[in-house]
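Quick notes on the structure that follows.
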Protein chains: 2
Amino acid sequence: MFQPGRYGRGSGWIEACLLCLLKEEKSYGYSLMEKLNTLGFTAEPFNISVIYRNLRSMEKRRLVASFWTASERGPDKRMYEITQKGEKALKEWIRFLKKRQKLLQAVVDKYESMHLE
Amino acid sequence: MFQPGRYGRGSGWIEACLLCLLKEEKSYGYSLMEKLNTLGFTAEPFNISVIYRNLRSMEKRRLVASFWTASERGPDKRMYEITQKGEKALKEWIRFLKKRQKLLQAVVDKYESMHLE
DNA sequence: TATACTATATACTTTATGCATATAGTATAA
DNA sequence: TTATACTATATGCATAAAGTATATAGTATA
């Protein structure tokens with residue numbers, strides 16, 4: 001059934017989140033998922049497959065670079081770090097997110113002004 | 001080429017905008033497009049086809065109801081008005097948009113805190 | 001030996017939106 | 001008269017984001 005924000009949850013929203021986290025420190029898919037689900041970046045948990053897909057897509061576009069690291073416990077990890085191109089893309093994303101916020105505000109304001117009449 | 005917000009511009013974003021405008025007063029596709037493009041609800045103009053498609057989809061789900069009106073100048077217009085079910089859906093949308101706004105803020109805040117260090 | 005947790009990846013599906021195009025009435029300028 | 005522009009609605013095809021399901025594999029523990 002249809003419900004607000006169920007699909008196409010915001011056009012690259014995950015990409016913006018991941019770049020932001022990777023700017024702070026290099027990390028890998030599984031850990032990034034846990035960060036996303038605890039840092040107040042998401043309303044509902046992201047599906048892990050979406051994160052892996054986004055990371056690979058960003059690597060193709062040279063926004064991030066990856067290398068494998070051995071792990072004493074559990075399977076190997078593919079570590080990602082943000083590139084210069086990625087930093088530039090993140091800057092664009094932040095500009096976009098701020099603009100988006102203003103649009104959201106415009107609609108919410110309109111709605112609430114109608115309820116005061 | 002990929003760019004922030006180019007596709008899937010926000011998962012039903014238009015639906016929320018249209019319901020909000022129709023709550024204010026009944027209207028029709030072409031006029032709603034002009035409103036959207038001037039009221040600060042959108043960063044870039046929406047394609048008109050998206051509006052017509054959304055209106056028909058909402059009518060299927062009984063969020064709006066339509067009737068044809070003759071026009072002295074130009075072709076007939078399909079007028080839409082919001083239903084009770086639509087008002088309820090709009091309320092949900094507003095709740096969702098507010099939550100979304102907080103998420104956007106969380107990412108922007110994180111980004112800006114990194115630039116102060 | 002079975003189960004849970006960590007870790008990565010891909011195939012298939014659903015939804016939103018963009019772009020192109022079709023139809024048609026009215027108004028106006030060449 | 002014809003062409004162009006504007007108003008108005010609608011549909012087909014393409015593209016992209018995200019959801020769901022499933023597969024693989026190492027480690028830890030009961």
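Note that these values count all heavy atoms, side chains included, but never hydrogens, waters or copies made by symmetry. Please read all numbers here as calculations on a predicted model, not as lab measurements. Throughout, a chain's letter reflects where its sequence line sits, starting with A, and its residues are numbered from 1.
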Heavy atoms from C-beta onward define the side chain here; which of [options] lies closest to that of [X]?
X     : options               : value
B:Y28 : C:dC19, D:dT9, C:dT8  : D:dT9
A:W13 : D:dT11, C:dA7, D:dA18 : D:dA18
B:V50 : D:dA21, D:dT9, C:dG18 : C:dG18

* For B:S49 and A:D76, take the nucleotide of DNA chain C holding the closest heavy atom to each; which residue's nucleotide lies nearer the 5' end? -> A:D76
* **DNA chain C: 5'-proximal contact among B:N54 and B:I48 (nearest heavy atom)** =>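 The residue whose closest nucleotide sits nearer the 5' end is B:N54.
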* Structure fact -> Contact string for nucleotides 22-29 of chain C, one letter per nucleotide 5' to 3', B = base within protein heavy-atom range under 4.0 Å, S = sugar-phosphate only, - = neither, reads ---BSS--
* For B:S57, side-chain contact (heavy atoms from CB on, under 4.5 Å) partners two or more places apart -> B:R61
* Could you please spell out the steps behind the side-chain contact (heavy atoms from CB on, under 4.5 Å) verdict for B:R56 and B:Y80? => CA-CA 10 Å; B:R56 303 316 303 285; B:Y80 286 92; 3.0 Å; yes
* **Other residues, nucleotides, ligands: >12 heavy atoms within 6.0 Å of B:K23 NZ** =>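 Counting other residues, nucleotides and ligands, NZ of B:K23 exceeds 12 neighbours.
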* For atom NZ of B:K26, decide whether the heavy atoms of other residues, nucleotides or ligands shown that lie under 6.0 angstrom number more than 12. =>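 No.
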Spacing of [X] atom [atom1] relative to [N] atom [atom2], expressed in whole Å:
X     : N      : atom1 : atom2 : answer
A:K77 : C:dT8  : NZ    : P     : 8 Å
B:K35 : D:dT7  : NZ    : P     : 15 Å
B:I51 : D:dA10 : CD1   : P     : 13 Å
B:M58 : C:dT15 : CE    : C1'   : 16 Å
B:L32 : D:dT7  : CG    : C1'   : 14 Å
B:E15 : C:dT17 : CD    : C1'   : 14 Å
B:N47 : C:dT21 : CG    : P     : 13 Å
A:R56 : C:dA7  : CZ    : P     : 17 Å

* CG/A:L18 to CH2/A:W93 distance, rounded to the nearest 0.5 angstrom? ->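 Output value for this atom pair is 11.0 Å.
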* How many angstroms lie between atom SG of A:C17 and atom CG of A:L22, to the nearest 0.5 angstrom? -> 11.0 Å
* To do: Begin from the C-alpha positions of B:W13 and A:L103 and carry the test side-chain contact (heavy atoms from CB on, under 4.5 Å) through to its verdict.
  => CA-CA 10 Å; B:W13 169 242; A:L103 302 181; 3.8 Å; yes
* To do: Decide, yes or no, whether a salt bridge links B:K35 with B:E25 under the criterion of side-chain N to carboxylate O below 4.0 Å.
  =>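 Looking at B:K35 and B:E25, the cut-off is met.
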* Any donor-acceptor N/O pair, A:T83 side chain to A:L63 backbone, under 3.5 Å -> yes
* Where each pair must be Watson-Crick or G-U wobble with both distances under 3.5 Å, what dot-bracket representation of DNA chain D is obtained, with crossing pairs in [ ] and other-strand partners as |? -> ||||||||||||||||||||||||||||||
* Can you find a donor-acceptor pair, distance only, under 3.5 Å between A:R53 side chain and D:dA18 base? -> yes
* To do: Check whether any side-chain N or O of B:Y30 sits under 4.0 Å from OP1 or OP2 of D:dT7, and answer yes or no.
  =>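 Yes.
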* Closer than 4.0 Å, any side-chain N/O of A:Y52 to the OP1 or OP2 of C:dT8? -> yes
* For A:R78 and A:S66, test the side chains for any donor-to-acceptor distance below 3.5 angstrom and give the result as yes or no. => yes
